[in-house]
Colleague: 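Sharing a structure below in structure tokens format, with a few things to ask.
Sequential numbering from 1 along the given sequence is applied to the chain's residues.
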Amino acid sequence: DVRFTFSHYDTDYPGGKDTRLQFWRYLYGEWVPDGETRQGSREMSEKKSMIVMLVLDCSSSMSSDINSIKQAAKNLVNTLYNASGNPNGNSNIKIGYVTFSTVGNTYVSDIKPLTQSTKSQIESAINSISTSNGTALYYAMDKAVEKIEAYCNSTNFSNEPLSSVTMLTFTDGLDQGSIDKSKGIRDGQSYYNYFVDKYKEKHINGLPLCSNIIGVRGNDIISDNQWN
């Protein structure tokens with residue numbers, strides 16, 4: 001949020017000082033109230049939240065790039081924190097993260113306001129990441145979206161105005177091991193089809209889910225066709 005505080009104000013408006021701070025413009029030789037600016041300022045003053053979910057691939061194929069991925073993720077968290085005005089209390093930026101290799105080694109954090117405390121917790125969690133076999137990519141992304149939906153439907157969110165919902169995934173892009181027997185999904189291709197059908201035009205609280213993937217060419221990608 002950007003806010004301006006004025007201790008006093010002066011204007012050459014012919015009627016003298018107004019007891020209310022209003023918006024005026026000089027139009028055709030006279031001062032007139034600017035209703036559009038007033039309305040625009042009212043809309044800008046509404047504090048809206050944004051939700052950011054990080055999905056971090058910790059598969060062994062990422063081992064040569066994992067330190068770069070960690071640093072990139074921490075840089076993003078720090079940038080978001082600075083942009084939020086370094087709040088000590090409630091922040092309009094809500095953030096969570098998912099780390100994954102296999103289905104059984106997938107961790108989904110709670111979504112919380114991005115305060116100093118939350119930032120430190122996320123940075124510590126990112127620093128502790130180690131790689132292991134398996135790449136349950138579609139499973140992890142699915143769980144990330146489910147967590148976002150659960151958060152938006154929870155009392156923690158309290159129907160706050162929302163400006164954007166973003167999922168940012170760091171991965172080498174090759175799924176190996178995504179299954180969910182509770183959904184009848186028993187292989188990666190089936191999970192891919194399920195995920196695309198469910199989330200291709202997904203909206204949360206009336207806003208489109210913005211999903212971005214930062215691709216890293218992992219050790220298990222041996223051809224340009226796989227990478228493309």
Side-chain angles (χ1 to χ4, degrees), residues 49-63 65-84 86-87 90-154 156-157 160 162-178 180 191 195 199 202 204-205 207-216 218:
S49 294
M50 63 182 295
I51 297 175
V52 179
M53 198 71 171
L54 305 181
V55 182
L56 305 175
D57 185 346
C58 306
S59 60
S60 56
S61 62
M62 296 278 288
S63 58
D65 297 295
I66 195 64
N67 288 333
S68 297
I69 293 299
K70 288 182 180 182
Q71 190 60 54
K74 289 188 293 183
N75 288 346
L76 175 62
V77 172
N78 192 60
T79 298
L80 290 172
Y81 175 73
N82 290 335
S84 70
N86 306 338
N90 193 28
S91 169
N92 64 319
I93 297 178
K94 321 298 181 182
I95 191 167
Y97 65 92
V98 177
T99 59
F100 71 95
S101 53
T102 63
V103 167
N105 198 28
T106 296
Y107 174 78
V108 184
S109 80
D110 290 332
I111 296 174
K112 299 179 180 180
L114 183 53
T115 62
Q116 175 65 56
S117 176
T118 306
K119 183 173 84 77
S120 297
Q121 292 171 13
I122 294 176
E123 289 175 339
S124 178
I126 292 173
N127 285 334
S128 68
I129 288 174
S130 59
T131 59
S132 58
N133 292 332
T135 311
L137 172 62
Y138 306 135
Y139 176 85
M141 294 175 71
D142 187 23
K143 296 306 172 186
V145 179
E146 288 180 353
K147 175 62 75 171
I148 294 172
E149 290 182 306
Y151 178 77
C152 288
N153 292 327
S154 71
N156 290 334
F157 193 65
E160 295 180 23
L162 192 60
S163 64
S164 64
V165 182
T166 301
M167 177 171 63
L168 183 61
T169 305
F170 297 81
T171 182
D172 60 15
L174 291 183
D175 183 277
Q176 298 180 32
S178 283
D180 192 332
Y191 219 129
F195 188 86
Y199 298 125
K202 180 68 177 178
I204 297 177
N205 282 27
L207 292 171
L209 171 65
C210 181
S211 179
N212 297 284
I213 296 178
I214 297 178
V216 177

Colleague: Begin with the C-alpha distance, continue with both residues' side-chain angles, and end with the deciding distance and a verdict on side chain to side chain donor-acceptor pair (under 3.5 Å) for Asn75 and Gln71.
Modeller: CA-CA 6 Å; Asn75 288 346; Gln71 190 60 54; 2.9 Å; yes
Colleague: Which heavy-atom pair separates Ala140 from Val55 by the least distance, and what is that distance?
Modeller: CB-CG1, 4.1 Å
Colleague: Between Leu114 and Lys119, does the side-chain contact (heavy atoms from CB on, under 4.5 Å) criterion hold? Intermediate values first, please.
Modeller: CA-CA 6 Å; Leu114 183 53; Lys119 183 173 84 77; 4.1 Å; yes
Colleague: Donor-acceptor check, side chain of Ser124 to backbone of Gln121, threshold 3.5 angstrom: yes or no?
Modeller: no
Colleague: side-chain contact (heavy atoms from CB on, under 4.5 Å), that's the test. Do Leu56 and Phe170 meet it? Break it down for me.
Modeller: CA-CA 5 Å; Leu56 305 175; Phe170 297 81; 3.3 Å; yes
Colleague: Rounded to the nearest 0.5 Å, what separation is found between the CG atom of Leu80 and the OG1 atom of Thr166?
Modeller: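 One gets 9.0 Å once the value is rounded to the nearest 0.5 Å.
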Colleague: Give the minimum heavy-atom separation between Val103 and Gly177, together with the two atoms involved.
Modeller: CG2-O, 3.4 Å
Colleague: Where do Asp175 and Tyr138 come nearest, in terms of heavy atoms and distance?
Modeller: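 For Asp175 and Tyr138, the tightest heavy-atom pair comes out as OD2-N, 3.1 Å.
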Colleague: Test your reading of the model: is there a side-chain donor-acceptor pair from Ser109 to the backbone of Tyr97, 3.5 Å cut-off?
Modeller: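 Answer holds: yes.
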Colleague: Would you call the rings of Tyr139 and Tyr191 parallel, tilted or perpendicular if under 30° counts as parallel and over 60° as perpendicular?
Modeller: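 Perpendicular, since the angle between the ring planes exceeds 60°.
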Colleague: Carefully, step by step, assess Ile51 and Cys152 under the rule side-chain contact (heavy atoms from CB on, under 4.5 Å).
Modeller: CA-CA 9 Å; Ile51 297 175; Cys152 288; 3.5 Å; yes
Colleague: With a 4.5 Å cut-off on side-chain heavy atoms, are Thr169 and Asp57 touching?
Modeller: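 No. Closest side-chain heavy atoms not under 4.5 Å.
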Colleague: Under 4.5 Å between any side-chain heavy atoms of Tyr199 and Asp142, yes or no?
Modeller: yes
Colleague: Has Ser63 got a side-chain atom pairing as donor or acceptor with Ser59's backbone, closer than 3.5 angstrom?
Modeller: no
Colleague: Could you pull out the closest heavy-atom pair between Ser178 and Thr135, with the gap in Å?
Modeller: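 That would be OG-O, 4.5 Å.
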Colleague: Determine the minimum heavy-atom distance between Met167 and Phe195, stating which atoms define it.
Modeller: CE-CZ, 4.1 Å
Colleague: For side chain to side chain donor-acceptor pair (under 3.5 Å), just list the numbers for Ser120 and Ser117, CA-CA rounded to whole Å, side-chain angles, deciding distance to a tenth of an Å, and then say yes or no.
Modeller: CA-CA 5 Å; Ser120 297; Ser117 176; over 6 Å; no
Colleague: With side-chain contact (heavy atoms from CB on, under 4.5 Å) as the criterion, how do Leu168 and Ile214 come out once you've worked through the C-alpha distance, each side chain's angles and the decisive distance to 0.1 Å?
Modeller: CA-CA 7 Å; Leu168 183 61; Ile214 297 178; 4.0 Å; yes
Colleague: Counting neighbours of NZ on Lys202 that are heavy atoms of other residues, nucleotides or ligands and sit closer than 6.0 Å, is the number greater than 12?
Modeller: yes
Colleague: Please step through side chain to side chain donor-acceptor pair (under 3.5 Å) for the pair Tyr151 and Asp110, ending with a clear verdict.
Modeller: CA-CA 8 Å; Tyr151 178 77; Asp110 290 332; over 6 Å; no
Colleague: Can you name the nearest heavy-atom pair linking Ser164 to Leu207, along with the distance?
Modeller: N-CD1, 3.6 Å
Colleague: May I ask you to decide if Ile129's main-chain N or O and Lys70's side chain share a donor-acceptor pair within less than 3.5 Å?
Modeller: yes
